[in-house]
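Shown next, in structure tokens, is the structure this report addresses.
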Amino acid sequence: MSTTIVKIKEIEEEMARTQKNKATEGHLGMLKAKLAKLKRELFEPAPGAGGGKGEGFDVSKTGDCRIGLVGFPSVGKSTLLNKLTGTFSEVASYEFTTLTCIPGVIRFNGAKIQLLDLPGIIEGAKDGKGRGRQVISTARTSDVILIVLDSLKPITHKQLIEKELDGFGIRLNKEPPKLDFRRKEKGGVSMSTMVPGVTLTLETCQTICKEYKIHNADVMVKDANVTEDDLIDVIEGNRIYIPAIYVCNKIDAITLEELDVLDKLPNYCPISAHLEWNLDGLLDQAWEKLALVRIYTKPKGLMPDYGEPVILKKDRRTVEDFCNRIHRSLLKDFKYALVWGSSAKHKPQRVGKEHVLEDEDVVQIVKKV
Ligand SMILES: Nc1nc2c(ncn2[C@@H]2O[C@H](COP(=O)(O)OP(=O)(O)OP(=O)(O)O)[C@@H](O)[C@H]2O)c(=O)[nH]1
Ligand SMILES: [Mg+2]
């Protein structure tokens, strides 16, 4: 074991021993910051070591978005890929059947969704172990992660996977922290807030900053639920926030009572990949998490083309984004756009490049003559 892993274990043990209360808050914050720094060391090679920077599998991105299948061996990831995409990925009752990343394509609501079947190697991944690290690095590039669980296996699997992903800076079903962090030249570390009931204290902020050798900074807390972990995430940067669905597979093999227990999980979807139960339900749920926006083009004087929407992502859906997706030169000749649909105030509304589009809007671009 590398010394970094030993140090991580030591800190995790000390954290487990330390009771969380007002007196230990600062100390715990310091331990958490130390832990975050060590974990970063694990997946960033030492300077001069060259290569191996947490690289994923070499699968090029195609289509409008990417969904990754993550889970322990034999939970049914390959079966699910085969059923959803018609791609062939070997299925077998023994573990570690899939040894590399196999891509497939789903066509849904006019979008092309790339689905990645990943090897079932998870545990120890964050400690830098070969394939597991590759699996998680590839998961980081997904727009949505499907965490596939075996309904027959204990729910502890869910926590183990979350822990591994967390160690790689992947935050599931979480918004980026509502916290501004600004370094400055002098004045020490200060904290301000405009919301009541914030539990994060100035002292904890100062202890954490000290651990990062940051002597002057303003911490602006914009939500009462911001924690010391959030502050560390913001200082570390490099965190990624990905929506996830817990896909409980093999429900054909459990009882109704057992299904009832699973039903309490948030963001969960019960399926039987093998018997193709609720695969449509899963696609609907994934579609919602993807938050894609379908835009129909309307050539002048013609009906909109409802067959082939232009697919935009939620955070990049202006008329400009739309033009760039059709043709790079379109913006050069752009005069204005006519928009029909929920983003438009009139039918149609005349808008500029900055206009933000909504799902199922119809757009006609008017060019300069
Ligand atoms: N009962 C039941 N068995 C299933 C279901 N889906 C998959 N299986 C079985 O579970 C076993 C493992 O399936 P795979 O699809 O190979 O699992 P995997 O997650 O890809 O496994 P690795 O590639 O080893 O990580 C096979 O024997 C499948 O037939 C299901 O919905 N119900
Ligand atoms: Mg497989």
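Ligands are counted one by one from 1 in listed order, and the atoms in each one are counted from 1 as well.
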Protein N, O or S atoms lying under 2.8 Å from the Mg ion (ligand 2), listed by chain and number: S78 OG, T98 OG1
Any C209 side-chain heavy atom under 4.5 Å of H215 side chain: no
Any side-chain donor near an acceptor of the partner, T141 and T138, under 3.5 Å: no
Value rounded to 0.5 Å, distance of CD in E14 from NZ in K34: 9.0 Å
Donor-acceptor pair between R316 and N324 side chains, under 3.5 angstrom: no
Listed partners of F108 passing ring-ring contact (aromatic ring centres under 6.0 Å, His included), at least two apart: W287
Between S272 and H274, a side-chain donor and acceptor under 3.5 Å: no
Non-hydrogen side-chain atoms of P177 and Y241 separated by less than 4.5 Å: yes
From N109, V310, D64, residue fulfilling side chain to side chain contact (heavy atoms under 4.5 Å, CB included) relative to R294: N109
Shell of residues surrounding ligand 1, defined by a 4.0 angstrom heavy-atom cut-off that is strict: P73, S74, V75, G76, K77, S78, T79, V91, A92, S93, Y94, E95, F96, T97, T98, G120, N249, K250, D252, S272, A273, H274
Other ILVMFWY residues reachable from V362 by side-chain steps of under 4.5 Å: Y296, Y306, Y336, L338, W340, V366
